[in-house]
Amino acid sequence: MKVGIIGCGSITKFRHAPEYYDNPHITEIVFYDRNPERADALAEIFDGKVVRSVEELFEDESIVAISDCSSNESHHIFSTQALLSGKHVLTEKPIALSVEEAKEILEAQKKSGKILMVDHNQRFTKAHQKAKEIIQSGELGKVLTFKTNFGHGGPESWGVNKSNSTWFFKKSRSGYGVAADLGIHKLDLVHYLLDDQIEQVSAFQGTLDKVDEHGDPIEVCDNIICNLRTQKGRLGTAAFSWTYYGEEDNSTTLYCEKGIMKIYHHDQYQIEVITKDEERINYKLEAIQTNDNQTNTGVIDAFVDCVRNGKEPIVTGQDAVDSLKAVLAIIESAETNQVVNV
């Protein structure tokens with residue numbers, strides 16, 4: 001397979017490009033970025049080629065699939081065009097900034113018949129997959145309540161330009177700040193682990209610490225705290241932050257009828273189960289990928305496998321829309337000080 005990548009920022013440099021490069025079924029990567037120097041740099045690192053317009057990617061019949069790693073506001077444009085040009089597409093999250101834009105992509109996927117997958121990568125970690133297996137086995141009974149957190153020191157140290165001018169801080173480009181950057185991962189994870197959907201939310205948001213390149217408070221939230229109710233009646237809390245300075249938190253706790261499951265709390269054990277009888281069962285799987293610890297996410301390998309073998313992706317376009325709807329409800333709740341139905 002020959003693949004193309006739209007956008008040559010950090011997500012391409014540290015995740016998509018190296019994972020395509022290491023996949024034995026990929027023969028060549030073709031890079032496009034509106035900043036030609038970024039595309040040239042990655043093409044040199046990963047022995048790829050460069051095009052100077054996105055249309056060249058779409059018109060190249062030898063390119064089978066495309067990763068859309070553009071900034072959030074462009075996903076509905078590039079992913080839709082890629083699908084309609086006959087390419088399979090892996091889109092970065094969030095799938096779009098509105099449900100209407102997301103539906104454009106889903107309609108293009110339906111019309112084209114090509115595979116659409118969205119990079120909600122938390123579904124691919126061994127700990128989260130094992131956690132889902134434990135839940136489905138029934139050994140802990142039903143999940144009653146939950147809490148989940150995702151926070152780190154902010155995207156300005158991750159972004160390609162390593163500064164406060166990052167597009168993540170611009171409302172027109174990122175849309176919803178930390179909620180669309182980190183929060184959407186955990187909302188999707190709740191849907192995945194519980195085989196359930198968030199249906200009601202209340203939330204508080206704030207721009208507590210981050211400033212832009214001019215020293216002014218950023219245009220989007222850097223912290224958001226949520227209360228969640230699912231369709232099956234589970235209750236939960238969630239916290240998403242760009243101001244966890246010193247240590248990242250990517251943890252989830254599930255409180256079940258017969259015990260508790262802690263995920264990514266312990267340095268050595270990625271899952272800790274404490275049963276109702278106080279028995280402790282620890283699972284040592286793999287450390288989760290962080291901005292400082294770049295490992296293979298498994299996302300590209302899964303996408304390539306879907307394309308090669310015609311498989312349904314573990315994260316579909318509809319899954320991504322469901323998570324986007326939860327983010328939009330959370331933002332609405334935070335802005336109106338009201339409980340909002342998803």
If I take atom [atom1] from residue [X] and atom [atom2] from residue [Y], how far apart are they, to the nearest 0.5 angstrom?
X: S323; Y: L328; atom1: OG; atom2: CG; answer: 11.0 Å
X: D40; Y: I45; atom1: CG; atom2: CD1; answer: 11.0 Å
X: C256; Y: L144; atom1: SG; atom2: CG; answer: 7.0 Å
X: I135; Y: L193; atom1: CD1; atom2: CG; answer: 5.0 Å
X: I95; Y: L106; atom1: CD1; atom2: CG; answer: 5.5 Å
X: Q205; Y: D222; atom1: CD; atom2: CG; answer: 10.0 Å

**Message:** Could you go through D322 and Q318, starting from their C-alpha distance and side-chain angles, then the distance that decides it, and tell me whether this counts as side chain to side chain donor-acceptor pair (under 3.5 Å)?
**Reply:** CA-CA 6 Å; D322 292 339; Q318 187 57 54; 3.1 Å; yes
For [range], which residue pairs pass the ring pair (Phe, Tyr, Trp, His ring centres under 6.0 Å) check, not counting sequence neighbours?
range: residues 28-49; answer: Y21-F46
range: residues 190-221; answer: none
range: residues 62-94; answer: none

Considering only residues two or more places apart or on different chains, which pairs with a residue in [range] satisfy salt bridge (Lys or Arg N to Asp or Glu O under 4.0 Å)?
range: residues 100-119; value: none
range: residues 226-241; value: D196-R234
range: residues 73-92; value: E73-R173

Quick check: closest heavy atoms across [X] and [Y], and the distance to 0.1 Å?
X: L182; Y: S241; answer: CD1-O, 3.4 Å
X: S74; Y: D68; answer: O-OD2, 4.3 Å
X: A102; Y: L324; answer: CB-CD2, 4.2 Å
X: A65; Y: M1; answer: CB-CE, 4.1 Å
X: L57; Y: G4; answer: CD2-CA, 4.1 Å
X: C306; Y: I115; answer: O-CD1, 3.1 Å

**Item:** Qualifying residues under ring pair (Phe, Tyr, Trp, His ring centres under 6.0 Å), relative to Y176, sequence neighbours excluded
**Value:** none
**Request:** Please name all residues satisfying ring pair (Phe, Tyr, Trp, His ring centres under 6.0 Å) with Y269, sequence neighbours left out, ordered by chain then number.
**Result:**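 Partners of Y269 by the ring pair (Phe, Tyr, Trp, His ring centres under 6.0 Å) criterion, ordered by chain and then number, come out as H266.
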Can you establish whether the number of heavy atoms outside [X] located under 6.0 Å from its atom [atom1] is more than 12?
X: Q231; atom1: CD; answer: yes
X: K132; atom1: NZ; answer: yes
X: K170; atom1: NZ; answer: yes
X: R34; atom1: CZ; answer: no
X: E37; atom1: CD; answer: yes

**Item:** Heavy-atom donor-acceptor pair, D319 side chain to T316 backbone, under 3.5 Å
**Value:** yes
**Message:** Taking S163's backbone N and O only, do any of them form a donor-acceptor pair with T166's side chain (distance below 3.5 Å, no angle check)?
**Reply:** no
**Prompt:** How far apart are the C-alpha atoms of K325 and Q197, what are their side-chain angles, what is the distance that settles it, and do they pass the side chain to side chain contact (heavy atoms under 4.5 Å, CB included) test?
**Reply:** CA-CA 10 Å; K325 286 179 178 179; Q197 296 284 320; over 6 Å; no
For [X], which residues count as a side-chain contact (heavy atoms from CB on, under 4.5 Å) partner, sequence neighbours excluded?
X: E278; value: none
X: T148; value: K186, V190, A238, T252
X: S62; value: K2, D60

[Y] and [X] aromatic ring geometry - parallel, tilted or perpendicular at 30°/60° bounds:
X: H185; Y: H120; value: perpendicular
X: F168; Y: W242; value: perpendicular
X: Y264; Y: H128; value: perpendicular

**Prompt:** Are side-chain N/O atoms of D195 and Q136 paired as donor and acceptor at under 3.5 Å?
**Reply:** no
**Asked** When you check the side-chain N and O atoms of T275 and D277, is any donor under 3.5 Å from an acceptor?
**Response** no
**Stepwise side chain to side chain contact (heavy atoms under 4.5 Å, CB included) check, I11 with W158** = CA-CA 9 Å; I11 197 70; W158 156 259; 4.0 Å; yes
Is it possible for you to say whether [X] and [Y] belong to one hydrophobic cluster, with membership spreading through side-chain heavy-atom contacts below 4.5 Å?
X: V50; Y: V54; value: no
X: L194; Y: L235; value: no
X: L84; Y: F58; value: no
X: V99; Y: V201; value: yes
X: V51; Y: Y20; value: no

**side chain to side chain contact (heavy atoms under 4.5 Å, CB included), paired with K262, selected from I271, I274, V273** =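 So, applying the side chain to side chain contact (heavy atoms under 4.5 Å, CB included) to K262 and each of I271, I274, V273, only I274 qualifies.
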**Request:** Start with the C-alpha gap between N149 and Y244, add the side-chain angles, then the distance that decides, and say whether side chain to side chain donor-acceptor pair (under 3.5 Å) holds.
**Result:** CA-CA 11 Å; N149 300 295; Y244 287 4; 4.6 Å; no
**Request:** Might you work through the side chain to side chain contact (heavy atoms under 4.5 Å, CB included) test for L187 and I330, ending with a clear yes or no?
**Result:** CA-CA 10 Å; L187 299 170; I330 285 167; 3.8 Å; yes
**Item:** Listed once per pair and sorted, the side chain to side chain donor-acceptor pair (under 3.5 Å) pairs that draw on residues 330-342, sequence neighbours left out
**Value:** Q200-N341
**Message:** Pair V321, V118 - check side chain to side chain contact (heavy atoms under 4.5 Å, CB included), show working.
**Reply:** CA-CA 10 Å; V321 173; V118 183; over 6 Å; no
**Item:** Residue that, paired with K93, satisfies side-chain hydrogen bond (donor to acceptor under 3.5 Å, both in side chains) out of D188, N72, D181
**Value:** D181
